[in-house]
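Just so it is clear, the values below take in all heavy atoms, side chains as well, and ignore hydrogens, waters and symmetry mates.
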Amino acid sequence: MSFLSQIVAEERIRQDMEKGGFDNLEGMGKPLKPDEAQHLPPELRLAYRMLKSGGFVPPALAEEQEINRTIDLLAGMEDEGERYRQMHKLHVMIMKMNEGRGRAVNLEASDDYYRRIVEKVRIAEDRFKKDV
């Protein structure tokens, strides 16, 4: 039965090719994008693609995304107390990620921003100590 359906499919493809159904397709003549799952064993690639298309991400990537969201949140924060709490949250998330990976997280892209946030947190700490 599958042999018959294969013959029918091939015949339809041949007819569409003769009619020009495959001319001017998007990406025609361009190289294929690299396979994101090429580093995985073949038996896991389909599952990886299905999970990715469903919006699921590996835990390490989810941690990085959470760290980036927290950094973005800090950028627009005006309340010094909340900023201070979020900086502590960020610090804990980075420490957990470092422990899980066995190496330091690279924050090169946001080093200057991170330094400025730490300075503001120190200013906030000084203010809170004076108010208490």
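- How far CG of L40 is from CG of L46: 11.5 Å, rounded to the nearest 0.5 Å.
- Using a 4.0 Å cut-off between charged side-chain N and carboxylate O, K96 and E66 make no salt bridge.
- From Q86, atom CD reaches atom OG1 of T70 across 6.0 Å, with rounding to the nearest 0.5 Å.
- Summarising the local packing, CZ of F56 is surrounded by 12 or fewer heavy atoms from other residues, nucleotides or ligands at distances under 6.0 Å.
- Nearest heavy-atom pair, M17 versus F22, reported as atom, atom and distance to 0.1 Å: CG-CD1, 3.3 Å.
- Using a 4.5 Å heavy-atom cutoff, the side chains of D79 and Y84 are not in contact.
- In this structure, M50 and R45 have side chains that are not in contact, with every pair of non-hydrogen atoms separated by 4.5 Å or more.
- Cluster annotation: I71 and L73 are assigned to the same hydrophobic cluster (Ile/Leu/Val/Met/Phe/Trp/Tyr, side-chain heavy-atom contacts under 4.5 Å, transitive).
- The number of heavy-atom neighbours closer than 6.0 Å to CZ of R12, taken from other residues, nucleotides and ligands shown, is 12 or below.
- Ion pairing between a basic and an acidic side chain is recognised when a charged N comes within 4.0 Å of a carboxylate O; E10 and R14 show no such pairing.
- Separation of atoms CD (E78) and CD (E80) is listed at 9.5 Å; rounding is to 0.5 Å.
- Test K89, R69, M87 against L74 for side chain to side chain contact (heavy atoms under 4.5 Å, CB included) and you get one pass: M87.
- For the atom pair L44 CG and H39 NE2, the distance stands at 9.5 Å (nearest 0.5 Å).
- Heavy atoms of other residues, nucleotides or ligands lying less than 6.0 angstrom from CG of D23 number more than 12.
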